[in-house]
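Written below as structure tokens is the structure these notes are about.
In each ligand, atom 1 is the first atom listed, and ligand 1 is the first ligand listed.
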Amino acid sequence: MKNIESKLVESRKYKPDDKFIASSNLSPTDLKKLNNLYKEDPDNFWSILGHKEIKWIKNFKSICTGDAPFYEWFRDGKLNVSENCIDRHINKNKNAIIHITEDNKKQIITYDNLYTLVNNFSYSLKNIGLKKGDRVIIYMPTIPESIIAMQSCARLGLIHSVVFAGFSSESLRNRINDCSAKVVITVDAFMRNGNIIQAKDIVDKAIEDENCPTIKKCIIYKNLGKKIDLKDNDLWWHEILPSESKIVDPEIMASEDPLFILYTSGSTGKPKGIVHSSAGYLLNCIITNKWVFDIKDDDIFWCTADIGWITGHSYVVYGPLATGSTILIYDGAPTFPKPDRFWDIIEKNNVSIFYTAPTAIRTLMKLGENLPDNYNLRSLRLLGTVGEPINPKAWIWYQVKIGNKKCPIVDTWWQTETGANIIAPIPGITHTTPGTCTKPLPGIEIGIVDEEGNDITEINQGGNLVIKNPWPSMLRGIWDDEERYIDTYWKKFNNRFYITGDTARKDENGNIWIMGRSDDVVNISGHRLGTMEIESAIVSHEYVAEAAVVSYKHEIKGEAIHAFVTLKNSFKNYNNTEFSIQLRDWVKEKIGSIAKPDRVSFSDSLPKTRSGKIMRRLLRNIARGEDISGDTSTLENENILVQLKNIL
Ligand code: PRX
């Protein structure tokens, strides 16, 4: 770790605007009180917040019990997450969802409407025989019905697993089988970039030929009204709804009952089904919506994340609805029909809080640096970013062109596993610098440690980013794989702290700077992908003998994928240019478009140690145009480096 040196020097400071400070949810005194409360007695801190923010059916008796890595929160407490998100906000004539489609249709759903829609759909799910604890896959774009489906699952105690609708049928199949899901909920089709994506066909392909034996039914919401091939077990959403509105009592759930599983990539081939709890997850979603997003009754909160990712779960579906806020969802591409689409939506709908990924910011900046000038974006009062480090140039453009120099920017660091923001500015208080996610939130203790687990105290010296204390929305495990849970997140430092897999440094002001991953995971456009997963997809092609995947810096996506491939002898003379196109499509089919390598290079072999391990570190140097660093004495075939460098 000693050789992780920071090359980034950025010291511009930005203070919150006076007007923002005057009305912000947390004052410096509040923050101090929260931090002191936590320092004095962590259990009391979480107990106060738990009582204040959640509507309990039965009160909890303890706060945090158990030992690492198995903690339980709010034991004996009973609640229902959907009741917290919907029932508490009815009869107030408040808008819940503003939905904009790619072809520019707009629909507004109030909390009262949402209550009816969720109750009716819950009735349908119950009617087809689903019971508490059953797993339901949601393979849908970000439309009100996918939110209704998630909330209905929560109402009945069904464990949902949303699969991003850009994933291929094979990825979908693996996830269905991993959690033995009983039902898939999908749409006939949806629009993206003006094209029609036939989601139902992808689902059919995933479950065809008894490939998913646990699936009993597939429910299809008629989204575009496209023709589909209706199979025996298919049910139309509109046909299973009750003819008259029904009320379905929320299932009484224990605090620790799983709310959902969300798959994310790890450093081995198989995606991990991250399991989240009910009460603890909900609590961190609520408090971060209040503290970090400063959410208020009259805000219109637009988080651009798809519901298929954790950001869509915590900052579209659960957090903002639990706080009774109004969310905007846009079911389309940011650049369709033109790269000013986001700015147009913000202006027309008076969006006040806008949360997006650095990759989107960089894309929109590149395609139309001055396009925001044509719009009135004065409704905005807070901006956020998530998913990857944001480079200062993009940060400043965001601050000036979108935020009109008056909106604080919250650069939020967190993960699928953490459930909610962990390191982030408090917008009315924190003085920020472009590129740092600043400091941990109240109740969170983070550390930067060396390979032995000792704290690194030197300023700006990089190390492993760990979380030293349990927190309510921490993952409860990996579905059906306890060993992997322990191995991935706890084992290296003997259960002493949760290992994030990121490396980071702390500057002289105590601000945290994320430096990248320490494992074989790449971060493409804010989406985490395991290099092993992509490698196994490539190697499954019949022409391929071996493959190694590394990342290199990319102006827009943050990181991009470079695949080094060797072909089987009988295919060695194949046209490489043609084959690299085929191979990219192959990866798209196996995993999804986001995993398509940007560069593919072919060579006679790959650099390996004498024991046969591919030396990805050297490939990384080559892909990134760096000098070969470190020891190469264990390299079995040194000549290959020359060949690889010449190919590039
Ligand atoms: O490497 C960190 C990066 O994204 C990883 C988590 O990915 P995922 O579980 O897909 O969740 C993304 C949305 C929460 C982290 O381990 N990451 C996330 N936020 C930031 C970040 N890197 C730098 N700055 C951030 N604000």
Side-chain angles (χ1 to χ4, degrees), residues 6 8 10 162 164 166-167 261-267 271-276 281 284-285 288 292-293 303-316 318-319 355-362 383-392 394-395 398 409-425 430 432-441 446 462 464-467 473-475 478 488-489 498-505 511-531 533 551 557-559 592 594-595:
S6 166
L8 194 74
E10 172 63 59
V162 184
F164 171 58
F167 275 122
I261 302 169
L262 186 62
Y263 285 87
T264 186
S265 299
S267 39
K272 303 176 280 197
I274 303 300
V275 180
H276 277 289
Y281 170 76
N284 279 103
C285 285
T288 52
V292 180
F293 294 100
C303 162
T304 67
D306 190 281
I307 49 136
W309 309 111
I310 190 69
T311 310
H313 283 56
S314 307
Y315 298 101
V316 178
Y318 288 112
Y355 189 31
T356 196
T359 192
I361 299 169
R362 288 192 289 263
L383 301 174
T385 74
V386 59
E388 55 189 307
I390 179 162
N391 51 309
W395 194 101
Y398 197 36
I409 296 183
V410 288
D411 175 347
T412 60
W413 179 92
W414 58 298
Q415 308 179 294
T416 304
E417 293 86 343
T418 68
N421 297 167
I422 290 291
I423 310 175
T430 314
T432 52
T433 293
T436 167
C437 45
T438 70
K439 297 194 171 75
L441 293 171
I446 65 126
N464 298 290
L465 179 69
V466 297
I467 307 181
S473 67
M474 66 196 297
L475 77 165
I478 296 177
T488 314
Y489 302 109
Y498 165 81
I499 303 161
T500 67
D502 279 4
T503 54
R505 68 182 166 93
N511 286 325
I512 309 293
W513 297 74
I514 305 297
M515 298 170 79
R517 298 284 305 183
S518 59
D519 53 12
D520 286 328
V521 169
V522 291
N523 192 332
I524 312 294
S525 302
H527 300 313
R528 217 194 317 171
L529 296 168
T531 49
E533 203 176 338
S551 70
K557 301 192 213 180
E559 283 187 314
I594 41 169

Is there a side-chain contact between T385 and W395 (heavy atoms, below 4.5 Å)?
no

Find the distance between CD1 (I422) and OG (S473) and round it off to the nearest 0.5 Å.
5.5 Å

Could you check if a side-chain atom of T438 sits within less than 4.5 angstrom of a side-chain atom of T432, using non-hydrogen atoms only?
yes

I need the minimum non-hydrogen distance between A420 and W414, along with the two atoms involved.
O-CB, 3.2 Å

Considering only residues two or more places apart or on different chains, which pairs with a residue in residues 522-531 satisfy salt bridge (Lys or Arg N to Asp or Glu O under 4.0 Å)?
E417-R528

Report all protein residues having a heavy-atom distance below 4.0 Å to some atom of ligand 1; order the list by chain, then number.
I310, T311, V386, G387, E388, P389, D411, T412, W413, W414, Q415, T416, D502, I514, R517, N523, R528

Sidechain-backbone polar pair: Y398 side chain, G384 backbone, donor-acceptor under 3.5 Å
yes

